[in-house]
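Input: a single structure, listed below in structure tokens.
Not measured: the values here are computed from a predicted model.
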Amino acid sequence: MPILPDILDEMNRLIEAGRTNSLLLRAIGGLAVRVRSGDLQKFFPREYRDLDFVVAEKERKRIESFFQELGYESNRKFNLLNGTKRQIYLDPNSERHVDIFVGNFEMCHKLPLNGRLHLDPVTVPLAELLLSKAQIVELNHKDALDIASLLLYNETGDTDDGRINLDYIAKLCGQDWGLYKTTSINLKRVEDAVRDEKLNLTEAERGLILKRASDIQRTFETMPKSLAWQMRDKVGTRVRWYEEVEEVDR
């Protein structure tokens, strides 16, 4: 099932409008994964119905007027209750929703993004994009293959220049045991998922995904770990290590 051209066009329209208005708007979520996954979506094609973005915390008060000028309506109840961290806007001409995370991406775990949004002109950096999927405690098959897609099409390395920055992943996960734990569990799930011979992967492609997943796992073994991380590690999974995410009424 091919990507829907209109939603990709809309994503680019919003980002360009943000650029014109000096509002740093960067894509996150499934469509952002698709944008960073090459020209072909050969082994897991799917539809994309909604848009997800991150903006800097300092821009929070500008979001509503920006989206209203572009034809969107505010989910007033949700935004009133959650607007300092997250806001939702609706396209009155379709069923499309735009989900805006403010400063941080917060779901099962928290990913800080202030000061990092300028690193790519369209999406959040690859490290955070991968972690935004890997932080999902109840990872489904679709999200596992989103992670696999990022690993297939993007090299690992120690910079943000078109690579999945292992040093930055180590920085975040070395400070947050919960994020490390969930990500580690999910990388193993991804490894299991891509071994499915029903996927349209060559052996070389499968090997590349597994190799890059192993790069991240090896990074976890050698990364500096904070004292708080080490103390939390002793407790392990006997105590819940993630936030429970409630369904959003849009």
Side-chain angles (χ1 to χ4, degrees), residues 1 28-46 48 105 107-111 123-160 162-225 229 232-233 236-238 240-243 245:
M1 188 176 296
I28 198 168
L31 187 58
V33 171
R34 175 63 186 83
V35 168
R36 303 304 295 270
S37 295
D39 294 330
L40 298 176
Q41 194 181 23
K42 59 186 295 184
F43 70 96
F44 190 55
R46 63 183 178 92
Y48 301 88
F105 179 83
M107 298 296 280
C108 298
H109 301 282
K110 179 178 177 179
L111 302 177
T123 75
V124 300
L126 282 165
E128 287 95 322
L129 186 54
L130 184 142
L131 288 174
S132 72
K133 292 291 182 176
Q135 61 81 44
I136 301 171
V137 171
E138 295 184 3
L139 191 77
N140 61 31
H141 191 61
K142 174 188 70 176
D143 292 317
L145 291 180
D146 274 350
I147 296 171
S149 186
L150 285 173
L151 293 171
L152 174 61
Y153 288 101
N154 299 279
E155 297 180 12
T156 55
D158 58 4
T159 71
D160 293 296
R163 291 174 171 79
I164 299 168
N165 189 337
L166 297 179
D167 286 354
Y168 195 70
I169 289 176
K171 177 181 177 180
L172 294 182
C173 290
Q175 296 171 347
D176 185 340
W177 184 89
L179 178 61
Y180 146 78
K181 186 63 179 179
T182 301
T183 301
S184 183
I185 290 170
N186 283 337
L187 286 172
K188 295 185 186 306
R189 290 172 174 164
V190 170
E191 291 170 355
D192 291 340
V194 300
R195 290 190 174 99
D196 184 353
E197 293 185 358
K198 295 179 182 178
L199 294 178
N200 187 25
L201 285 170
T202 66
E203 284 304 310
E205 289 167 335
R206 183 175 290 107
L208 194 55
I209 294 168
L210 294 173
K211 185 263 181 188
R212 290 170 177 168
S214 294
D215 289 344
I216 300 173
Q217 295 282 27
R218 284 194 297 272
T219 295
F220 290 158
E221 294 172 4
T222 59
M223 67 185 179
K225 301 169 178 70
W229 190 104
R232 183 62 184 84
D233 188 46
T237 59
R238 296 191 302 274
R240 180 163 56 88
W241 65 96
Y242 55 88
E243 296 295 325
V245 179

Identify the two heavy atoms, one from [X] and one from [Y], that lie closest to each other, and give their separation to 0.1 Å.
| X | Y | value |
| --- | --- | --- |
| T219 | A170 | CG2-CB, 3.6 Å |
| R34 | Y48 | CB-OH, 3.5 Å |
| A148 | V194 | CB-CG1, 3.6 Å |
| V137 | C108 | N-SG, 3.5 Å |

Check the surroundings of atom CD in E243: do more than 12 heavy atoms from other residues, nucleotides or ligands lie under 6.0 Å from it?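 It does not: E243 CD has 12 such atoms or fewer within range.
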Is the number of heavy atoms from other residues, nucleotides or ligands under 6.0 Å of K225 NZ greater than 12?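 Yes, because the 6.0 Å sphere around NZ of K225 holds more than 12 heavy atoms from other groups.
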As an exercise, state the distance from [atom1] of [X] to [atom2] of [Y], rounded to the nearest 0.5 Å.
| X | Y | atom1 | atom2 | value |
| --- | --- | --- | --- | --- |
| Y242 | T182 | OH | OG1 | 8.0 Å |
| L150 | K133 | CG | NZ | 9.0 Å |
| I209 | L187 | CD1 | CG | 12.0 Å |
| I136 | D143 | CD1 | CG | 3.5 Å |
| H141 | D146 | NE2 | CG | 10.5 Å |
| E128 | N165 | CD | CG | 8.0 Å |

Verify side-chain contact (heavy atoms from CB on, under 4.5 Å) between L130 and I216, making sure each step is shown before the conclusion. CA-CA 11 Å; L130 184 142; I216 300 173; 4.2 Å; yes
Pairwise side-chain contact, [X] with [Y], heavy-atom cut-off 4.5 Å (strictly under):
| X | Y | value |
| --- | --- | --- |
| L131 | Q135 | no |
| V124 | F105 | no |
| L199 | L145 | yes |
| P125 | Y168 | no |
| T123 | L31 | no |
| L139 | I185 | no |
| K171 | M223 | no |

Does any N or O in the side chain of [X] come within less than 3.5 Å of the main-chain N or O of [Y], such that one atom is a donor and the other an acceptor?
| X | Y | result |
| --- | --- | --- |
| R232 | G178 | no |
| S132 | L129 | yes |
| N154 | R36 | yes |

According to the salt bridge (charged side-chain N to carboxylate O under 4.0 Å, His left out) rule, which pairs have a member within residues 188-201, sequence neighbours left out?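 For residues 188-201, and leaving out neighbouring residues, the salt bridge (charged side-chain N to carboxylate O under 4.0 Å, His left out) pairs sorted by first residue read D192-R195.
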For Y180 and W229, take the angle between the two ring planes, folded into 0 to 90°, and tell me which bin it lands in: parallel under 30, tilted 30 to 60, perpendicular over 60.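 If you compare the ring of Y180 with that of W229, the planes turn out tilted.
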Taking R206 first and then E203, would you say they form a salt bridge - that is, a charged N and a carboxylate O separated by under 4.0 Å?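 Yes, this pair counts.
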Test D215 against every option in I169, L166, I164 by the side-chain contact (heavy atoms from CB on, under 4.5 Å) rule and name the one that passes.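 The option that passes is L166.
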Determine, step by step, whether L172 and D176 satisfy the side-chain contact (heavy atoms from CB on, under 4.5 Å) criterion, reporting the C-alpha distance in whole Å, the side-chain angles of both residues, the deciding distance to 0.1 Å, and the verdict. CA-CA 6 Å; L172 294 182; D176 185 340; over 6 Å; no
